[in-house]
Amino acid sequence: MVSTLTTPFAEVATSNASLRAFLHGLPGVDRVGADARAAMLATRSIKTTAKGQAIDLAIGMVDLTTLEGADTPGKVRAMCAKAVRPDPADPSVPSAAAVCVYPDLVATAVQAVEGSGVKVASVATAFPSGRSSLEVKVAETALAVAAGASEIDMVIDRGAFLAGDYLKVFEEIAAVKAACGRAGGAQRENGAGGAQGEQAAHLKVILETGELATYDNVRRASWLAMIAGGDFIKTSTGKVSPAATLPVTLIMLEAVRDFARRTGRKIGVKPAGGIRTTKDAIKYLVLVNETAGPDWLDPDLFRLGASSLLNDLLMQRQKMATGRYAGPDYFTLD
Amino acid sequence: MFEYAPAPESRDIVDIRPSYGLFINGEWVEPQGEERHKTINPATEEVLAEIGWASETDVDRAVQAARKAFTTWSALPGAERAKYIFRIARIIQERSRELAVLESLDNGKPIRESRDVDLPLVAAHFFYYAGWADKLAYAGLGVDPRPLGVAGQVIPWNFPLLMLAWKIAPALACGNTVVLKPAETTPLTALAFAEICRQADLPPGVVNIVTGAGATGAALVAHPGVDKVAFTGSTEVGRQIARTLAGTRKKLTLELGGKAANIVFEDAALDQAVEGIVNGIFFNQGHVCCAGSRLLVQESIAGDLLEALKRRLATLRLGDPLDKNTDIGAINSAAQLAKIRELSAAGESEGAERWSPPCPLPDRGFWFPPTVFTGVAQSHRIAREEIFGPVLSVLTFRTPAEAVEKANNTPYGLSAGVWTEKGSLMLWTASRLRAGVVWSNTFNRFDPASPFGGYKESGYGREGGRHGLEAYLDWNHR
């Protein structure tokens, strides 16, 4: 399967040595400078019309997420209703981009959002630790895709990455990517290239930057995920602290910008975890705007993985419209 | 496209009087000279206030006041002097928003910089030297270092309040009194500082502010009642001052021009190097004596780096200095704008290639777009003369030795930057650069604990840190 993938830079993945040479040949990241740049961009003052535009943009980029052991079909259906229509009192509020659930709840979610345009994303590959065999990871991905997930959020094998076994990480991503394209089993493979008919599920590759420790590693993992065929690179599972940070997202945005410049292919970015306020969300949008550029200000290329953020966005949106803050009971808790 | 709506900082917080006199002996006094001049907002050419210019007689009054105050001020225990300086530092912090707006109005610099760089550093400088006031015997300058007397201080327009802090804080901590002349185009924050001295109950005459232009400054440095002269400004004026003071007992420190090299090696952290280049030359519109105005980039990465730099420059936001999202503000004066234009024209006529991002300039006020010259040779004027504006000259090199040779091949030696991820190359390069400050993987970073000053035509003496005390103490008196 891996060999049929045609991705840019696939030639560097012919051996672990060449992959290593490539990843370690990327320009380094100076931590102090990257932190300073992210902090400077966080001082941008987004007010009035720009704030209104940013809030609607952010709502449309939210991957509304529930990833708990206690998740139930009822909980997922409630969240889906919220994603489709975030504010029941105001139909002008855009829908969220997607809902993100565990694989066993994908079918429930698909049914709940049907016809709304909201996508269903599923975590897979032994989320959140990624500690399982490739067979299990591929099988789990295939199950989620078969259940109707149009997006797969996989985790990389951080252990293999930190041990320097980049080829193993690459091959896992490529195998999961291939599994994303085999929705409904064999019928997808019959079509030439498999691109006709139903689209292959989009693959988001979670780097779990909180476990990669250095910004150099974040840059290398970003490139590894992109050349292995990921459609999105995502910061975190939300289960490890720190989750998304502005500097880490800055480095990932630089990576997708540089990758697009060299290949013409635009990869998406998804910070996830810890983004709770409108102010936070707007800082991320500024970061996107001034790093990867305005092309990335699109739910196809930028997502915010969050749960409580959505209500804060709604509250700020209403404040802008009415000049007053409504109490928390005026926004639904789902 | 995500357009940022205007986000102007309110100017209601500042209260500018229609006219200002001189601050002598703790009082506002009218200058005896007839000369009054307007100070304007360089972003709009709007008149902000009328300023009296001090004549020789006025300067004399100020020096007399400082001499008188010196007797009691220098006799105070260091811990008592420290209380005043700490109080000044706290008032500056409390009034920092107001002072930042005032600085941006009078100077043209973006509020983001006056708010996030200038004002925090001003307060930090006073806090730092307040801490030294009762520890001078432990500064490594003998067991009983003594103050010099009256310090005559002349400061430039690029960082008006910060340069005032660099001058006044160590002078007061060491027990000296001060007569300070701010630049003629940017007197307002120095005059606001005079009010702060009153608010802090600083004894009359310890700090005196005399406004004016070159003649006022010349009268101040030549005054026989002045014991120490500190000047920050152009090399040309620094030379005149050195001539005036030759053969006198006055101590002198000069912080003059620069033409700093910012050296980027092929293994540098590219994205952060780009930020460092931008911060090196476009910070404060390039009105920075230690600006990284010469980019020396290793030929093997020159293409990639310039592409990344140009892409980054296209995101710079030029305009209203009070808008919180502005990156590049106004050029400080018509005269400075003319100088930048003249040198840029010379760059073109000497054969360098000129580039600026698409950047509409406001109709009123003094503006110059961020500009990059490539194909610059060492012999071009834009590689040798200080432009003091948002103009970067790009040169290339092949080997570390060539980089060092080119970096040092200038009459100046104030600062330099080095970008490499390789520690041994960083140390090798830094130890060979003849510059007072060498920034490692950063640029234009300041800290009150770090000494600052130049080699060669960039001046002599150090300001900041423990070294900065030397200029304000007599420590060879035995």
Side-chain angles (χ1 to χ4, degrees), chain A residues 24-58 214-216 218-219 247 250-255 257-258 260-262 282 284-298 302 320, chain B residues 1-10 110-113 115-117 264-280 283 300-301 304-305 307-308 311-317 320 322-327 417-423 426 439-445:
Chain A
H24 286 254
L26 294 167
V29 184
D30 183 80
R31 178 173 280 268
V32 175
D35 287 345
R37 173 67 177 152
M40 181 264 135
L41 286 174
T43 70
R44 290 288 192 222
S45 180
I46 305 301
K47 301 288 182 205
T48 62
T49 52
K51 186 175 178 185
Q53 192 192 353
I55 288 174
D56 278 7
L57 198 53
T214 71
Y215 291 173
D216 285 325
V218 173
R219 172 167 289 176
L250 170 74
I251 288 154
M252 290 164 64
L253 286 163
E254 288 167 354
R257 175 199 69 198
D258 294 344
R261 191 173 56 84
R262 286 170 69 167
I282 291 176
Y284 280 97
L285 296 185
V286 166
L287 207 60
V288 173
N289 192 37
E290 299 198 34
T291 307
D295 284 0
W296 266 263
L297 287 173
D298 183 308
F302 194 75
M320 292 202 72
Chain B
M1 186 65 200
F2 186 22
E3 294 286 352
Y4 305 159
E9 178 68 61
S10 167
I111 187 73
R112 178 166 69 75
E113 290 177 4
R115 179 194 67 198
D116 296 346
V117 181
V264 182
F265 287 109
E266 59 189 358
D267 70 335
L270 209 62
D271 289 299
Q272 287 72 49
V274 167
E275 290 307 314
I277 294 163
V278 171
N279 194 36
F283 171 62
S300 53
I301 56 156
D304 284 350
L305 183 80
E307 188 192 318
R311 187 178 56 219
R312 172 69 176 85
L313 295 186
T315 69
L316 286 175
R317 308 170 63 86
D320 179 7
L322 284 189
D323 191 303
K324 290 176 225 168
N325 294 325
T326 292
D327 298 319
V418 185
W419 297 83
T420 170
E421 290 287 276
K422 188 168 171 143
M426 177 66 75
W439 280 295
S440 161
N441 289 332
T442 188
F443 211 95
N444 274 342
R445 293 275 290 187

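The structure presented is a predicted model; accordingly, all values stated were derived computationally and were not measured. Convention: sequence-line order gives letters A, B, ...; per-chain numbering from 1.
Looking at B/D116, the atoms closer than 4.5 Å to chain A (heavy atoms on both sides) all sit in the side chain, from C-beta outward. Using a 4.5 Å cut-off between heavy atoms, A/V286 touches chain B through backbone and side chain atoms alike. Contact annotation for B/A308: neither backbone nor side-chain heavy atoms come within less than 4.5 Å of a heavy atom of chain A. Residue contact with chain A, scored on non-hydrogen atoms closer than 4.5 Å, is absent for B/E266. Proximity to chain B is limited to the side chain of A/R219, based on heavy atoms less than 4.5 angstrom apart. Contacts of A/R37 with chain B are made by side-chain atoms alone, with heavy-atom separations under 4.5 Å and no backbone atom involved.
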Please walk me through it: do B/W419 and A/D30 pass side-chain contact (heavy atoms from CB on, under 4.5 Å)?
CA-CA 10 Å; B/W419 297 83; A/D30 183 80; 5.6 Å; no
Please step through side-chain contact (heavy atoms from CB on, under 4.5 Å) for the pair B/N279 and A/M40, ending with a clear verdict.
CA-CA 11 Å; B/N279 194 36; A/M40 181 264 135; over 6 Å; no
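Not counting sequence neighbours, the partners of A/D35 by the side-chain hydrogen bond (donor to acceptor under 3.5 Å, both in side chains) test are A/Y215. By the salt bridge (charged side-chain N to carboxylate O under 4.0 Å, His left out) test, A/D295 pairs with A/K266, sequence neighbours left out.
Side-chain contact between A/V288 and B/F2 is absent, with no heavy-atom pair separated by less than 4.5 Å.
Across A/T43 and B/N325, no two heavy atoms sit closer than the pair O-OD1, 4.5 Å. Taking all atoms of both residues into account, the shortest heavy-atom contact from A/R257 to B/D271 is NH2-OD1, 2.7 Å. Of all non-hydrogen atoms in B/E3 and A/A50, the two that sit nearest each other are O-CB, 3.4 Å. Nearest approach of B/A5 to A/K47, heavy atoms of both residues: CB-O, 3.4 Å.
Looking only at heavy-atom pairs under 4.5 Å with chain A, the residue among B/Q272, B/R311, B/E307 that has the most is B/Q272. Ranked by heavy-atom pairs under 4.5 Å with chain B, the list A/V29, A/T48, A/L26, A/T49 is led by A/V29.
Within a 6.0 Å sphere centred on CZ of B/R445, other residues, nucleotides and ligands contribute 12 heavy atoms or fewer.
A donor-acceptor pair is defined here as one N or O able to donate and one able to accept, closer than 3.5 Å; no such pair exists between the side chain of B/E421 and the backbone of A/G28.
Distance check, rounded to the nearest 0.5 Å: OG of A/S45 to CD of B/E9 gives 9.0 Å. Once rounded to the nearest 0.5 Å, the distance linking CZ of A/R44 with CG of B/D327 reads 4.0 Å.
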